[in-house]
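As the structure is a prediction and not an experimental result, all values here were calculated from the model. Side chains are part of it too, since the values below use all heavy atoms of this structure and drop only hydrogens, waters and symmetry mates.
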Amino acid sequence: MKFGKEFASQMVPEWQAAYMDYACLKILLKQIQHWKQKTTQPDTPPRLPRALTLYRAFSGLIQRQNQRLSSFNGEDTENQPILGNFCTGRKGSGKYETTFLMAAEEGGECEQQFFRRLDNELNKVDKFYKSKVKEVMEEAQTLSKQMKALIAFRIKVDKVAAKFDHIHPSPRMVGMNVFNGEAQSNDSIEDNEKHISLEIEEENSKHMMSSDIASLNILNHVKLNEAIQTHFPTIKQTELNFSKENLKRIEKQQAFIEFYHKLRLLKKYSFMNILAFSKIMKKYDKISSRRASRNYMRIVDNSYLGSSDEVTKLMERVEATFIKHFSNSNHGKGMNKLRLKTKKERHRISFCTGLFVGCTAALILALILIIHARNILDKQGKAQYMENMFPLYSLFAFIVLHMILYAANIFFWRQYRINYTFIFGFKQGTELGYREVLLLSFGLAALALASVISNLDMEMDPKTGDYKALTELLPLILVTLALVILIFPFNILYRSSRLFFLTTLFHCICAPLYKVKFQDFFLADQLTSQVQALRSLQFYICYYGWGDYKHRQNTCKMNDAFNTFYFVVAVVPYWSRLLQPECRNWAENCSLDLFSHSSYLWYVLGPCCRLGASSTSL
């Protein structure tokens, strides 16, 4: 793979504009190369082949290498094509400017433009990296305060538990070593850790020390946020209850994992940009036949992007803190939690997807051939079949079509590097790719088509006067199987994704009571386009509950309850979508957007008016 494609694939989608514009710099290099080819003289005749001799003078490896290095360094200092400067502005901010010393040569304007653009990219990357390092340092200070409060809370929980455990006390060592935003020496950290560990040991034997009172004073400024327990947009603060249940609730493992992941992305950002500068300068040296890469890379190495090691040190402190306080000093366990594993594409998923696609295509072809061979369209039971059985199977058609389009969305999101995992709030490594969605959709399509073919019978039994009960119950069995798999609690068939879907669906139904997130908006919008599928589900209940499925007869359209819910089912998705912005505006104390509110209100009134007009016409 070429470096340009690899560089684009390694970019963080949210920071894509802050990376070095490698493609633009390559275009400028191509212009320089084109100019060089124009101005160079025509090719000289090829040289005569030189015979290889076996008897040449040999002056030694080390001496000859030193002579070449010394001559190269002397030539590099005398004939350097660029000169780098760091200019400081009025507000203390500086930028790098490179002076091209060969601008007077023919074609020097293109090279001068290249270095001007290269300096702009370096200043952009360096400024962004510096701002991100400042952000993570501020976040590190916040996490340090939270960690101190957490450790004090642990000590308090141990004290409460010790009051009820006088017979068999179990002393616990709780280290107070937390990482800080400022750099600390290793000796001071070790001394601080030993001193506080001794204090806690004395506290376990003597119940209380004055130093412990000072360390627990931070709890006087801490309040327990009840928003962790409830999903309501209101926030309740109550008094601290020093119990193990509350201790589990305030554990900051996920915050540390996300912070460490951000540090890894920032370190990767620095490495990839430095590598991109090195690659582009090597290309420049090759095209222009100059030796400027070493001088310019010295400028890059001396910049904040290349010389700062604050992120690396902070990563080491986060690792040490997480391993000590959340993994019981188990290095392997702690690093497995910190380093999120990337999801691997499995060949069996692609194989099963292809298998179900082939089965679906074969079943569609078989269905067409059976209809044509049996001349089913001309039989008497066609109208009865289309009135009773077709609405049942149309549910699977709507679901499969929707899942295929969602898989296409995921494919293009990945193609254009949209971080949909972060946008939807999926847990890292558990999100479904387009292959998994296609596997589920075509698997459901194959089962539905097999059920259609087995149920494609237009004639009754001459003895009993009804259809076969088993084949008539196939649609209901298939829907029941799909619902059971959806709510199945065991860890099979993408349990995390099923739980995420059910949770988001519940939030959509209870829109006024829960804080609205982006995934709730997205699912509510999708449900508004699945009104006909919801009506098919309503028809299942009416057909198998009150209809005569053995004779393929139903009285659903003559039932007042069915007609009433026919309106309700069409309005509920739009009503839920209407309440979501109101709930969000109320939770965030924002002014109500009258335009969006009126548009969603018309979405609710539109189906009611249309269905009301159609019902009166009937």
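The two residues Thr353 and Leu439 have their closest heavy-atom pair at OG1-CB, 3.4 Å. Among all heavy-atom pairs drawn from Leu534 and Pro573, the shortest one is CD1-CG, 3.8 Å. Nearest heavy-atom pair, Arg417 versus Gln10, reported as atom, atom and distance to 0.1 Å: NH2-C, 4.1 Å. Contact detail for Ala448 and Leu478: the closest heavy-atom pair is CA-CD2, 3.6 Å. Smallest separation of non-hydrogen atoms from Asp21 and Glu121: N-OE1, 2.9 Å. When all heavy atoms of Ala446 and Phe356 are compared, the pair lying nearest together is CB-CD2, 4.2 Å.
For the pair Ser278 (side chain) and Leu275 (backbone), a donor-acceptor distance under 3.5 Å is absent. With hydrogens and angles ignored, the 3.5 Å screen pairs a side-chain donor or acceptor of Asn336 with a backbone N or O of Gly332. The main-chain N or O of His507 is never found under 3.5 Å from a side-chain atom of Asp520 such that the two would form a donor-acceptor pair. For Ser9 (side chain) and Lys5 (main-chain N/O), a donor-acceptor pair under 3.5 Å exists by modelled atom type. Without hydrogens or angle criteria, Arg498 side chain to Phe488 main chain gives a donor-acceptor distance under 3.5 Å. In this structure a side-chain-to-backbone donor-acceptor pair under 3.5 Å is missing from Gln141 to Glu138. In this structure, the side chain of Asn419 does not engage the main chain of Pro13 through any donor-acceptor pair within 3.5 Å. Side-chain N or O atoms of Ser308 include none that pairs as donor or acceptor with a backbone N or O of Leu305 at under 3.5 Å. Panel note: side chain Asp301, backbone Gly306; no donor-acceptor pair is recorded below 3.5 Å.
Val133 places a side-chain heavy atom less than 4.5 Å from the side chain of Tyr304. You'll find the side chain of Phe277 reaches within 4.5 Å of the side chain of Leu118, heavy atoms only. Between Thr430 and Tyr494 there is no side-chain heavy-atom pair separated by less than 4.5 Å. For the pair Met315 and Val318, the minimum side-chain heavy-atom distance is 4.5 Å or more. Two residues are said to be in side-chain contact when any heavy atoms from C-beta on lie closer than 4.5 Å; Ile274 and Ser270 meet this criterion. Residues Thr321 and Leu143 fail the side-chain proximity criterion, which asks for heavy atoms closer than 4.5 Å. Residues Ile257 and Phe322 are in side-chain contact: their nearest non-hydrogen atoms beyond the backbone lie under 4.5 Å apart. The shortest side-chain heavy-atom distance between Ile323 and Asn330 does not fall under the 4.5 Å cut-off.
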Stepwise side chain to side chain contact (heavy atoms under 4.5 Å, CB included) check, Phe256 with Met147: CA-CA 10 Å; Phe256 271 80; Met147 191 65 197; 3.8 Å; yes
Worked check of side chain to side chain contact (heavy atoms under 4.5 Å, CB included) between Met272 and Phe7: CA-CA 7 Å; Met272 292 302 298; Phe7 183 60; 3.8 Å; yes
Met403 and Ile399: CA distance, side-chain angles, deciding distance, side chain to side chain contact (heavy atoms under 4.5 Å, CB included) verdict: CA-CA 6 Å; Met403 292 176 68; Ile399 294 176; 3.8 Å; yes
Residues Asp126, Asn273; criterion side chain to side chain contact (heavy atoms under 4.5 Å, CB included); working and verdict: CA-CA 10 Å; Asp126 189 72; Asn273 279 284; over 6 Å; no
Verdict with supporting geometry, Lys95 and Asp119, salt bridge (charged side-chain N to carboxylate O under 4.0 Å, His left out): CA-CA 8 Å; Lys95 63 179 181 178; Asp119 290 337; over 6 Å; no
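Ile280 CD1 to Lys282 NZ: the interatomic distance, rounded to the nearest 0.5 Å, is 12.5 Å. Expressed to the nearest 0.5 Å, how far OG of Ser576 lies from CG of Leu579 amounts to 6.5 Å. Distance check, rounded to the nearest 0.5 Å: NZ of Lys262 to CD of Glu139 gives 4.5 Å. Put simply, CD1 on Ile349 and CG on Leu432 are 9.0 Å apart, with the number rounded to the nearest 0.5 Å. The distance from the CG atom of Asn302 to the OG atom of Ser307 is 7.0 Å, given to the nearest 0.5 Å. Interatomic distance, CZ of Phe398 versus OG of Ser529, reported as 10.5 Å (0.5 Å rounding).
A centroid separation of less than 6.0 Å is found between the aromatic rings of Tyr22 and Phe3. For an aromatic pair to be called close, the ring centres must be under 6.0 Å apart, and Tyr434 with Phe411 satisfies this. In this structure, Trp15 has its ring center at least 6.0 angstrom away from the ring center of Tyr129. For an aromatic pair to be called close, the ring centres must be under 6.0 Å apart, and Phe522 with Phe424 satisfies this.
The aromatic rings of Phe426 and Tyr420 sit perpendicular, their planes meeting at an angle over 60°, well past the 30° parallel limit. In this structure, Tyr269 and Tyr19 have perpendicular ring planes: the angle between them is above 60°, well past the 30° mark.
Surrounding NZ of Lys124 are more than 12 heavy atoms belonging to other residues, nucleotides or ligands, all under 6.0 Å away. For Lys132, the NZ atom is densely surrounded, since the number of other residues' heavy atoms within 6.0 Å is greater than 12. Environment of CG in Asp309: crowded, with over 12 heavy atoms of neighbouring residues, nucleotides or ligands closer than 6.0 Å. Open room surrounds CH2 on Trp575; 12 or fewer heavy atoms of other groups in view lie less than 6.0 Å from it.
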